[in-house]
Amino acid sequence: MTEAILLVGGKGTRLRPLTVNTPKPMVPAAGVPFLTHQLARARAAGVTHVVLATSYLAEVFEPHFGDGSALGLELEYVTEDEPLGTGGAIRNVAPRLRSAPDEPVLIFNGDILTGLDIRALVSTHSATGADVSLHLTRVADPRAYGLVPTDATGRVTAFLEKPQTPEEIVTDQINAGAYVFRRSLIDTIPAGRAVSVERETFPGLLAEGAHLQGMVDSTYWLDLGTPQAFVRGSADLVLGRAPSPAVPGRCGDRLVLPTARVAPDAKLTGGTVVGEGAVIGEGARVMGSTILSGAVVEPGAVITDSLVGEGARIGARTLLDGAVIGDGASVGADNELRAGVRVWCGAVLPDGGVRFSSDQ
């Protein structure tokens, strides 16, 4: 295994306001852009060449990662003029691939945090002679996902859209968003139009008799598509629950980047991250949260399972619980924001004991 495709073109609509100014894979998780963790894990698994399929805010990626040499990788960038879907994005970068027709190409999505054993997936692909191999994971409630049943040998037998009744739930296995393709199959995906690999490519290959192999790996898996999931994923990286060689420091209860300032009596727990240049005031308590670079948390504020954007300000004694504060926003003193409230970038909430929750 020497090369991979990383799909990083999504708009991250569900993550707004985090993705207003930053593409989803570049939002910091555990102190570095989330994409850094994926690239580092790919490199650790023996990948050396990665093609990034970009679209939304595509201009952000290359200035940060350059040619990839800092990560021990060779990176190339291909930008879609119009969104092409997962399958279309894979086909669009095919000219940059170097693998021979029968060699494997790893493909993974830019919004999945996983402990997948990448080498094991590639080995399964080779050992079974599959055309495509899929990472599958088991979930307690699969109704929000497409189901992927397999036979006793792990060969995929069907792709079932989101089940709605108990009778339709024939397995707890779902598509976990990482694949190994036989290189020649990538060229069979239609070029120049939107294609869903999940809804069109995989079912079509199965109907044609191709060998699609599933490998169940349920170590750690999290779709970072919502702000709450993103905050949780960052905390899990800091706590060491989710593996990554790119966490900039030792795993533990907190990660404070070098230029941040934290008051001696402030309490940081639960995998909290404090970004470059951020300030945590006296007596503040921050639990399981991400405070991005340049943000200010004033004295006595209490922040739980929340994300505070770049340059944002949280007023004294304000309480955040499951909230997302956009870049540059200002939340005045003595406010209470709970239950998924999102404050847009640059918004200003005055002082005064205001209470908001998403269910009001």
Side-chain angles (χ1 to χ4, degrees), residues 1-10 23 25-26 33-55 58 61-62 64-80 84-135 175-189 191 195 197-198 201-202 205 210-213 215 217 243-246:
M1 170 63 63
T2 59
E3 67 180 345
I5 299 170
L6 187 49
L7 305 175
V8 293
M26 296 298 289
F34 174 65
L35 179 56
T36 308
H37 299 290
Q38 293 185 306
L39 291 172
R41 293 198 73 245
R43 181 67 188 93
V47 174
T48 57
H49 177 229
V50 180
V51 184
L52 275 66
T54 68
S55 180
F61 295 94
E62 190 166 3
H64 183 89
F65 290 106
D67 62 4
S69 56
L71 292 171
L73 291 166
E74 183 179 355
L75 299 183
E76 294 189 66
Y77 306 83
V78 176
T79 301
E80 302 167 18
L84 295 173
T86 49
I90 293 167
R91 179 65 179 85
N92 193 49
V93 306
R96 301 291 184 92
L97 298 175
R98 303 166 185 172
S99 299
D102 285 336
E103 289 183 331
V105 177
L106 175 68
I107 299 168
F108 49 116
N109 286 304
D111 56 1
I112 301 294
L113 177 59
T114 176
L116 168 68
D117 185 336
I118 296 172
R119 291 184 185 272
L121 181 63
V122 177
S123 295
T124 296
H125 179 80
S126 299
T128 60
D131 296 303
V132 179
S133 297
L134 297 86
H135 170 209
N175 178 354
Y179 321 113
V180 179
F181 270 66
R182 188 189 303 274
R183 167 66 186 89
S184 57
L185 279 186
I186 292 175
D187 291 332
T188 69
I189 299 172
V195 179
V197 72
E198 301 86 356
T201 304
F202 291 156
L205 287 171
H211 180 176
L212 277 68
Q213 186 73 21
M215 188 194 83
D217 182 323
S244 171

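All values below were derived from every heavy atom in this structure, side-chain atoms included, with hydrogens, water molecules and symmetry-related copies excluded. Count residues from 1 along the sequence.
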Can you list the steps and then say if L116 with L121 is a side-chain contact (heavy atoms from CB on, under 4.5 Å)?
-> CA-CA 8 Å; L116 168 68; L121 181 63; 4.1 Å; yes
Working to the nearest 0.5 Å, report the span between [atom1] of [X] and [atom2] of [Y].
X: I5; Y: L97; atom1: CD1; atom2: CG; value: 4.5 Å
X: D67; Y: E74; atom1: CG; atom2: CD; value: 8.0 Å
X: S133; Y: H211; atom1: OG; atom2: NE2; value: 7.0 Å
X: D117; Y: S123; atom1: CG; atom2: OG; value: 8.0 Å
X: T124; Y: R119; atom1: OG1; atom2: CZ; value: 13.5 Å
X: D217; Y: T114; atom1: CG; atom2: OG1; value: 6.0 Å

Using every non-hydrogen atom in the two residues, find where [X] and [Y] come nearest and quote the distance to one decimal.
X: I186; Y: A94; value: CG2-CB, 3.9 Å
X: Q38; Y: L6; value: OE1-CD1, 3.8 Å
X: H64; Y: P33; value: NE2-CG, 3.7 Å
X: F202; Y: N175; value: CE1-ND2, 4.2 Å
X: P245; Y: R41; value: CD-CG, 3.8 Å
X: P104; Y: S99; value: O-OG, 3.9 Å

Starting from the C-alpha separation in whole Å, work towards a yes-or-no answer on side-chain contact (heavy atoms from CB on, under 4.5 Å) for V105 and I90.
-> CA-CA 10 Å; V105 177; I90 293 167; over 6 Å; no
Is there a side-chain contact between [X] and [Y] in this structure, where contact means two heavy atoms from C-beta onward sitting under 4.5 Å apart?
X: V197; Y: Y179; result: yes
X: L73; Y: F65; result: no
X: T48; Y: R43; result: yes
X: L35; Y: L52; result: yes

Under the salt bridge (Lys or Arg N to Asp or Glu O under 4.0 Å) rule, collect the residues that match up with D187, sequence neighbours excluded.
->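 D187 satisfies salt bridge (Lys or Arg N to Asp or Glu O under 4.0 Å) with R183 once adjacent residues are dropped.
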Contacts of E103 meeting salt bridge (Lys or Arg N to Asp or Glu O under 4.0 Å) (sequence neighbours excluded), chain-then-number -> none
Look at the side chain of [X] and the backbone N and O of [Y], then say whether any donor-acceptor pair between them is shorter than 3.5 Å.
X: R96; Y: V51; answer: no
X: R182; Y: G129; answer: yes
X: S126; Y: V122; answer: yes
X: E198; Y: G177; answer: no
X: E3; Y: R98; answer: yes

Stepwise, does the side-chain contact (heavy atoms from CB on, under 4.5 Å) test hold for T86 with N109?
-> CA-CA 9 Å; T86 49; N109 286 304; 4.2 Å; yes
Could you go through the side-chain contact (heavy atoms from CB on, under 4.5 Å) check for I118 and F108 one step at a time?
-> CA-CA 10 Å; I118 296 172; F108 49 116; 6.0 Å; no
